[in-house]
Amino acid sequence: MVPVQGGKGESTGKWSQRGRQAQRPLGQRRPHRSFFETFIRTLIITCTALAVVLSSVSICDGYWLLAEDRLFGLWRFCTITNQSEPHCLRDLSQAHVPGLAVGMGLARCASAMAVVAAIFGLELLMVSQVCEDVHSRCKWTFGSFLLLASFILSSGGLLSFVILLRNQVTFIGFTLMFWCEFTASFLFFLNAISGLHINSITQTGTNQRNSSTRSRDLGFHKKVIKVELF
């Protein structure tokens, strides 16, 4: 006859294992997201990507204003006649508009930096959703701030262009590329504000859920300690 051993020891070992599981940091737990939150974040990322494409195409083309027989752009100045093809010059000072060469250089820099900031912001938004961890919300917030910076830069470029050519500006004179840049600037602003708002309202709900979960785990931990001592 071999005596049976380890009855109480096995039970105590199981409770000890549960106690160690209860001591795991709550921050390592993957946050649960609702379908509505996931859909909104995906929509923000999609609209941001669309804004980046629109702004890039608009800046690469550069022709934003048609005033009678002259076409003004970020990179060139063209004169249009019925008898010949458009004659374009890179030297914007020959357009005989005060401060056009220097001011257009600033507008180009601001618009280009807006696209760069938007690309980095879009990357942070995508990484925060693909690689979810304790820093995902910080990445999302920083990406939203980069989109807000993109809006400021792109709108600054648009305003600079309009102010420099205020004497030639007409509502019907703006080209499709100008309106693409205007739409991209609006999307940068909308996505930045929406991203910050959705992050703030979901952060409040997550904190409340974590508090309730921490209370339940603390009660379970106390029960495990009592059993182990017993």
Side-chain angles (χ1 to χ4, degrees), residues 42-126 143-197:
T42 304
L43 186 62
I44 290 174
I45 292 175
T46 304
C47 292
T48 301
L50 177 61
V52 170
V53 173
L54 289 177
S55 184
S56 300
V57 172
S58 177
I59 294 173
C60 290
D61 180 82
Y63 295 112
W64 286 2
L65 179 65
L66 177 62
E68 296 180 353
D69 59 343
R70 294 188 294 179
L71 183 62
F72 296 94
L74 293 175
W75 311 95
R76 294 183 181 91
F77 161 73
C78 301
T79 56
I80 303 173
T81 58
N82 296 328
Q83 291 78 14
S84 62
E85 296 181 355
H87 180 63
C88 298
L89 299 173
R90 290 184 178 272
D91 188 5
L92 298 177
S93 61
Q94 298 185 18
H96 304 292
V97 177
L100 184 63
V102 177
M104 204 62 71
L106 295 176
R108 287 196 299 265
C109 292
S111 301
M113 290 301 296
V115 175
V116 173
I119 290 174
F120 281 105
L122 176 61
E123 183 178 359
L124 284 175
L125 296 183
M126 295 176 63
S144 299
F145 277 118
L146 284 178
L147 293 183
L148 191 59
S150 300
F151 161 72
I152 295 173
L153 291 171
S154 61
S155 59
L158 287 172
L159 287 176
S160 299
F161 183 87
V162 173
I163 291 173
L164 288 170
L165 299 172
R166 58 187 177 276
N167 295 328
Q168 288 80 19
V169 165
T170 57
F171 185 76
I172 60 175
F174 291 119
T175 63
L176 180 61
M177 293 297 101
F178 176 87
W179 293 115
C180 286
E181 181 67 14
F182 180 84
T183 304
S185 179
F186 175 75
L187 287 176
F188 287 149
F189 173 77
L190 184 63
N191 292 325
I193 298 301
S194 300
L196 293 174
H197 182 65

Find out whether [X] and [Y] are in side-chain contact, i.e. whether some heavy atom of one side chain is under 4.5 Å from a heavy atom of the other.
X: Leu153; Y: Val115; value: no
X: Thr79; Y: Asp69; value: no
X: Cys180; Y: Val57; value: no
X: Leu147; Y: Leu125; value: yes
X: Leu106; Y: Ser160; value: no
X: Val97; Y: Leu165; value: yes

So which atom in [X] and which in [Y] form the shortest heavy-atom distance, rounded to 0.1 Å?
X: Gly157; Y: Ser111; value: CA-OG, 4.0 Å
X: Ala51; Y: Leu187; value: CB-CB, 3.7 Å
X: Leu54; Y: Ala184; value: CB-CB, 4.2 Å
X: Ile45; Y: Leu122; value: O-CD1, 3.6 Å
X: Ser154; Y: Glu181; value: CB-OE2, 3.6 Å
X: Met104; Y: Leu74; value: CG-O, 3.5 Å

Report summary line: Applying disulfide (SG to SG under 2.5 Å) to Cys47 and not counting sequence neighbours gives none
Report summary line: For Cys78, the disulfide (SG to SG under 2.5 Å) test, sequence neighbours excluded, returns Cys88
From [X] atom [atom1] to [Y] atom [atom2], the distance as rounded to the nearest 0.5 Å:
X: Leu148; Y: Asn191; atom1: CG; atom2: CG; result: 11.5 Å
X: Trp179; Y: Ser185; atom1: CH2; atom2: OG; result: 12.0 Å
X: Leu124; Y: Ile119; atom1: CG; atom2: CD1; result: 12.5 Å
X: Leu66; Y: Ile172; atom1: CG; atom2: CD1; result: 9.0 Å
X: Met126; Y: Thr42; atom1: CE; atom2: OG1; result: 10.5 Å
X: Arg70; Y: Ile80; atom1: CZ; atom2: CD1; result: 11.0 Å

Requested in this report: Anything under 30° is parallel, anything over 60° is perpendicular, the rest tilted; go ahead and classify Phe161 against Phe178.
Outcome: tilted
Query raised in the report: Is there a ring pair (Phe, Tyr, Trp, His ring centres under 6.0 Å) between Phe72 and Phe77 once you walk through the steps?
Result: CA-CA 5 Å; Phe72 296 94; Phe77 161 73; 5.3 Å; yes
Requested in this report: Applying side chain to side chain contact (heavy atoms under 4.5 Å, CB included), run through Trp64 and Ser58 and close with a yes or a no.
Outcome: CA-CA 8 Å; Trp64 286 2; Ser58 177; 3.1 Å; yes
Query raised in the report: Does a sphere of radius 6.0 Å around CZ in Phe174 hold more than 12 heavy atoms from other residues, nucleotides or ligands, not counting ones at 6.0 Å or beyond?
Result: yes
Query raised in the report: Counting only N and O atoms by type, is there a donor-acceptor contact under 3.5 Å from the side chain of Trp75 to the main-chain atoms of Ile59?
Result: yes
Query raised in the report: Can you tell me if Ser155 uses its side chain to pair, donor with acceptor, with the backbone of Phe151 under 3.5 Å?
Result: yes
Requested in this report: Please name all residues satisfying side chain to side chain donor-acceptor pair (under 3.5 Å) with Ser150, sequence neighbours left out, ordered by chain then number.
Outcome: none
Report task. Go through Val52 and Phe188 one step at a time and tell me if the side chain to side chain contact (heavy atoms under 4.5 Å, CB included) criterion holds. Result -> CA-CA 9 Å; Val52 170; Phe188 287 149; 4.2 Å; yes
